[in-house]
Amino acid sequence: VGSEMCIRDRPTALRLFQSQYGKTECWHILSGHPVNGEEPCIYYGFQPDMTRARWEALFHAQDIPGMLAGMQKYPVHPGDTILIEGGMPHAIGAGCFLVEIQEPTDYTIRVERTTPSGFAVADSMCHQGLGFEKMFECFHYEPHSREEIHDRWFIEPETVLKTAGGSITTLVGYRNTPLFRLDEVNVSDTLTVDCPPRGSGIYVLEGAGTLSANGRSLPLKKTDQLFVPAGTGRFTLDAEAPLRVLHFFGPEQNKFQCKKDLRSPERLRRSSAIGERSLPCDHLGVGQHQRADALCIVADHRLTEIVSQR
């Protein structure tokens, strides 16, 4: 099990990193299996009695069991969707296989100095250039009950289209956050999908078939990833074997605009030195990482490389 903590929100990202973006993300559980007799789970939010001083002490002692005990633990099942707001402490438990969509930054505040596989974590990868004292400003220490966390951040799916040929279900949408949207498209025969007037992306989880748009067709198979350009209008999916497809979108239209990078030259040099990938616009893409068997979708409007976090 690995713990990783994200920048708390966009105002804090601007104050500490001179960045327009935080690192809110969302997890959708695809499957899971027991590990050492323990069912799949996640850790999200602090226990109500956690304080900054206690959290810092646990970090400096590298008391990983103590850190996990200081967080709320939730069992998860296929189909669960959890919105991980910036600043909320979180960790993916062993045995989880999930898809993740997130804002376009790698502002991750890590509290593990050594990964579960034994690799040492560099200081800069823990505090992202802030230093070990200031990094603790990134966490939300406000108390939340277990029930409040579940009711507020575990998202109920919403079926937005259902036909004889398939269905579209919004897993996380703009009713939950203005930062991104993730739909699951299931096709048993033929289904036409309307597209917004901006780019989006597709990832094929299961099945095979074709995608057709504007007089052209492309074959689809499991793990294929495609960029859908702005102006496509609509595309049609034809299933040869039942298709299960993720369709993902960047921020809600008109909510955010591209802004120049506000970081100082010194911050830019430091960011480059620690391998940060912060982008000056909200975009959309897809990649993979293996924190705990997870597929990662990054809101950055371009297909990204496959990234290995562990």
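Remember, predicted model here, so these are calculated numbers, not experimental data. Side chains are part of it too, since the values below use all heavy atoms of this structure and drop only hydrogens, waters and symmetry mates.
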### Pairs flagged by salt bridge (Lys or Arg N to Asp or Glu O under 4.0 Å) wherever residues 154-172 is involved - sequence neighbours left out
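Matches after skipping sequence neighbours: Glu158-Arg175.
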
### Task
Not counting sequence neighbours, list each pair that qualifies as a salt bridge (Lys or Arg N to Asp or Glu O under 4.0 Å) and has a residue in residues 237-250.
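Counting only pairs at least two positions apart or across chains, the salt bridge (Lys or Arg N to Asp or Glu O under 4.0 Å) contacts touching residues 237-250 are Glu184-Arg244, Glu206-Arg244.
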
Residues which pass side chain to side chain contact (heavy atoms under 4.5 Å, CB included) with [X], listed by chain and number, not counting sequence neighbours:
| X | result |
| --- | --- |
| Lys134 | Leu16, Leu130, Glu137 |
| Asp49 | Gln47, Arg54 |
| Leu218 | Leu226 |

### Task
Using the rule that two of Ile, Leu, Val, Met, Phe, Trp, Tyr join whenever any of their side-chain heavy atoms come within less than 4.5 Å, decide whether Val35 and Met71 are in one cluster.
no

Is any side-chain heavy atom of [X] closer than 4.5 Å to a side-chain heavy atom of [Y]?
| X | Y | result |
| --- | --- | --- |
| Thr170 | Asp183 | yes |
| Val187 | Val245 | no |
| Met67 | Trp55 | yes |
| Phe97 | Ile29 | no |
| Leu191 | Ile168 | yes |
| Thr232 | Asn214 | yes |
| Leu179 | Gln102 | no |

For residues [X] and [Y], report the shortest heavy-atom separation together with the two atoms involved.
| X | Y | result |
| --- | --- | --- |
| Arg198 | Gly250 | NH2-O, 4.3 Å |
| Leu58 | Gly66 | CD1-O, 3.8 Å |
| Cys126 | Val121 | SG-CG1, 3.8 Å |
| Pro143 | Pro48 | CB-O, 3.8 Å |
| Leu68 | Ala91 | CD2-CB, 4.4 Å |
| Glu148 | Ser145 | N-OG, 3.0 Å |

About how many Å separate [atom2] of [Y] and [atom1] of [X], when rounded to the nearest 0.5 Å?
| X | Y | atom1 | atom2 | answer |
| --- | --- | --- | --- | --- |
| Leu237 | Leu211 | CG | CG | 5.0 Å |
| Cys195 | Ile202 | SG | CD1 | 7.0 Å |
| Leu182 | Leu171 | CG | CG | 4.5 Å |
| Glu85 | Thr24 | CD | OG1 | 5.5 Å |
| Met135 | Glu56 | CE | CD | 8.0 Å |
| Ile101 | Leu246 | CD1 | CG | 9.0 Å |

### Message
Walk me through whether Gln128 and Ile109 qualify under side-chain contact (heavy atoms from CB on, under 4.5 Å).
### Response
CA-CA 7 Å; Gln128 298 291 313; Ile109 304 300; 4.0 Å; yes

Can you list the residues that meet the side-chain hydrogen bond (donor to acceptor under 3.5 Å, both in side chains) rule with [X], with sequence neighbours excluded?
| X | value |
| --- | --- |
| Thr177 | none |
| Thr169 | none |
| Thr210 | none |
| His247 | Ser200 |

Determine all donor-acceptor pairs shorter than 3.5 Å in which one atom belongs to a side chain in residues 74-84; sequence neighbours excluded.
unit_1 : atom_1 : unit_2 : atom_2 : d
Tyr74  : OH     : Arg146 : O      : 2.9
Asp80  : OD2    : His77  : N      : 2.9
Thr81  : OG1    : His28  : ND1    : 2.7

### Message
Between Phe180 and Phe248, is the side-chain contact (heavy atoms from CB on, under 4.5 Å) condition met? List the steps.
### Response
CA-CA 8 Å; Phe180 42 68; Phe248 46 94; over 6 Å; no

#### Entry: Backbone of Pro242 reached by a side-chain donor or acceptor of Ser188 within 3.5 Å
no

### Task
Mind jotting down which residue pairs meet the side chain to side chain donor-acceptor pair (under 3.5 Å) criterion with at least one end in residues 57-72? Sequence neighbours excluded, please.
none

#### Entry: Residues Val185, Leu243; criterion side-chain contact (heavy atoms from CB on, under 4.5 Å); working and verdict
CA-CA 8 Å; Val185 183; Leu243 279 166; over 6 Å; no

### Task
Please list, chain by chain and in numerical order, all residues satisfying ring-ring contact (aromatic ring centres under 6.0 Å, His included) with Phe132, sequence neighbours excluded.
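Phe132: ring-ring contact (aromatic ring centres under 6.0 Å, His included) contacts with Phe59, His127.
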
### Task
Starting from the C-alpha separation in whole Å, work towards a yes-or-no answer on side-chain contact (heavy atoms from CB on, under 4.5 Å) for Phe235 and Arg216.
CA-CA 10 Å; Phe235 60 83; Arg216 299 180 62 187; over 6 Å; no

### Task
Determine, step by step, whether His90 and Trp153 satisfy the ring-ring contact (aromatic ring centres under 6.0 Å, His included) criterion, reporting the C-alpha distance in whole Å, the side-chain angles of both residues, the deciding distance to 0.1 Å, and the verdict.
CA-CA 12 Å; His90 57 275; Trp153 287 298; over 10 Å; no

### Query
Do the rings of Tyr141 and Phe139 sit parallel, tilted or perpendicular, given the 30° and 60° boundaries?
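Taking Phe139 first and then Tyr141, their aromatic rings stand perpendicular (interplane angle over 60°).
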
### Query
Taking the six-membered ring of Phe249 as reference, does the NZ or CZ atom of Arg181 fall below 6.0 Å from its centre and within a 45° cone about the axis?
yes

